[in-house]
Amino acid sequence: MEPVRRKALVDAALRVIGDHGSLAVTMSDIARQAGVSPALAHHYFGSKEQLLIETIRSLLRQLRNDTVTALAAASTPRARLSAVIRVSFHADQFAPETIAAWLAFYAEAQRSEETRRFLVIYARRLRSNLLADLKALLPADAAERIAEGAAAMIDGLYIRQSLKSAPIGIEASIALTEDYLNALLATASPSPRSEKGRPHRTTQGQMT
């Protein structure tokens, strides 16, 4: 039962953080949402801080797993770029409580070095996945510039989901990012390295 209860507490933490819009929640709030006692929550995680760290690890783990699966199903560098974009705007990531939790963790990163470290892991993974396939299509300097721009666009469109008055939908966000990539790929010089016959593999790094 321990893995089941630990997951239930992590899921509950995500919902409670999303409802509150911040990390200013208590272990009792989370335990109540999970349907367990605060004592049991402390037994499994020791402290609220450790439960919150496990919650962000869980978000990153799910995003990593989804990305690896999507990349494995794509056969070309351009298709892999589209896979990374689509995973970034997956419906699960667009759930209101998930968006609110990500924003809360970004705010906490200004005070917590451990939280900041996990968000840096996310940013590096996203850039690395984009850059690996862009380098198969473009010279290195152009690939790096476009990877930075695409990553910033993905993050910016995601953050705009927190604006409840006029959120941009999943398909619109994907289309805007694809348009950005298509426009720059069309104007940039092709990579001197040929894709044909060149083995290529892109995966995300392991969770620490």
Undergrad: Evaluate Leu51 against Met27 for side chain to side chain contact (heavy atoms under 4.5 Å, CB included), listing each step before the verdict.
TA: CA-CA 9 Å; Leu51 175 51; Met27 198 67 125; 3.7 Å; yes
Undergrad: Which heavy-atom pair separates Ser173 from Phe94 by the least distance, and what is that distance?
TA: OG-CZ, 4.1 Å
Undergrad: State, yes or no, whether a side-chain contact exists between Ile170 and Ile174 at a heavy-atom distance under 4.5 Å.
TA: yes
Undergrad: Nearest 0.5 Å please: distance from the CZ atom of Arg117 over to the CD1 atom of Ile53.
TA: 8.0 Å
Undergrad: Using 0.5 Å steps for rounding, measure from the CG atom of Asp11 to the CD atom of Gln33.
TA: 10.0 Å
Undergrad: Under a plain distance cut-off of 3.5 Å, with no hydrogens placed, do Asp155 and Tyr122 share a side-chain donor-acceptor pair?
TA: yes
Undergrad: As an exercise, state the distance from CG of Leu63 to CG of Asp92, rounded to the nearest 0.5 Å.
TA: 10.5 Å
Undergrad: Salt bridge check: are Glu114 and Arg57 linked by an N-O gap of less than 4.0 Å?
TA: no
Undergrad: Working note: Ile17 + Glu97, criterion side chain to side chain contact (heavy atoms under 4.5 Å, CB included); need CA distance, chi angles, decisive distance, verdict.
TA: CA-CA 7 Å; Ile17 293 167; Glu97 65 271 17; over 6 Å; no
Undergrad: Under a 3.5 Å threshold, yes or no: a donor from one side chain and an acceptor from the other, between Ser82 and Arg78?
TA: yes
Undergrad: Find the distance between NZ (Lys7) and CD (Glu2) and round it off to the nearest 0.5 Å.
TA: 15.0 Å
Undergrad: A side-chain contact here means heavy atoms from C-beta on lying under 4.5 Å apart; do Leu176 and Phe89 qualify?
TA: no
Undergrad: Check whether NZ of the Lys or CZ of the Arg Arg6 lies under 6.0 Å from the centre of the six-membered ring of Phe45 and within 45 degrees of that ring's axis.
TA: yes
Undergrad: Would you mind checking if Glu148 and Arg145 are paired as a salt bridge, meaning a charged N to carboxylate O distance below 4.0 Å?
TA: no
Undergrad: Can Val120 be reached from Ile159 by stepping across I, L, V, M, F, W or Y side chains whose heavy atoms are under 4.5 Å apart?
TA: no
Undergrad: I'd like to know whether the aromatic ring centres of Phe105 and Phe118 sit less than 6.0 Å apart in this structure.
TA: no
Undergrad: If only side-chain N and O atoms count, and only distance matters, is there a donor-acceptor pair under 3.5 Å linking Thr69 with Asp66?
TA: no
Undergrad: Please answer whether the main-chain N or O of Glu108 pairs with a side-chain N or O of Ser112 as donor and acceptor at a distance below 3.5 Å.
TA: no
Undergrad: Does a side-chain N-to-carboxylate-O contact under 4.0 Å join Glu178 and Arg86?
TA: no
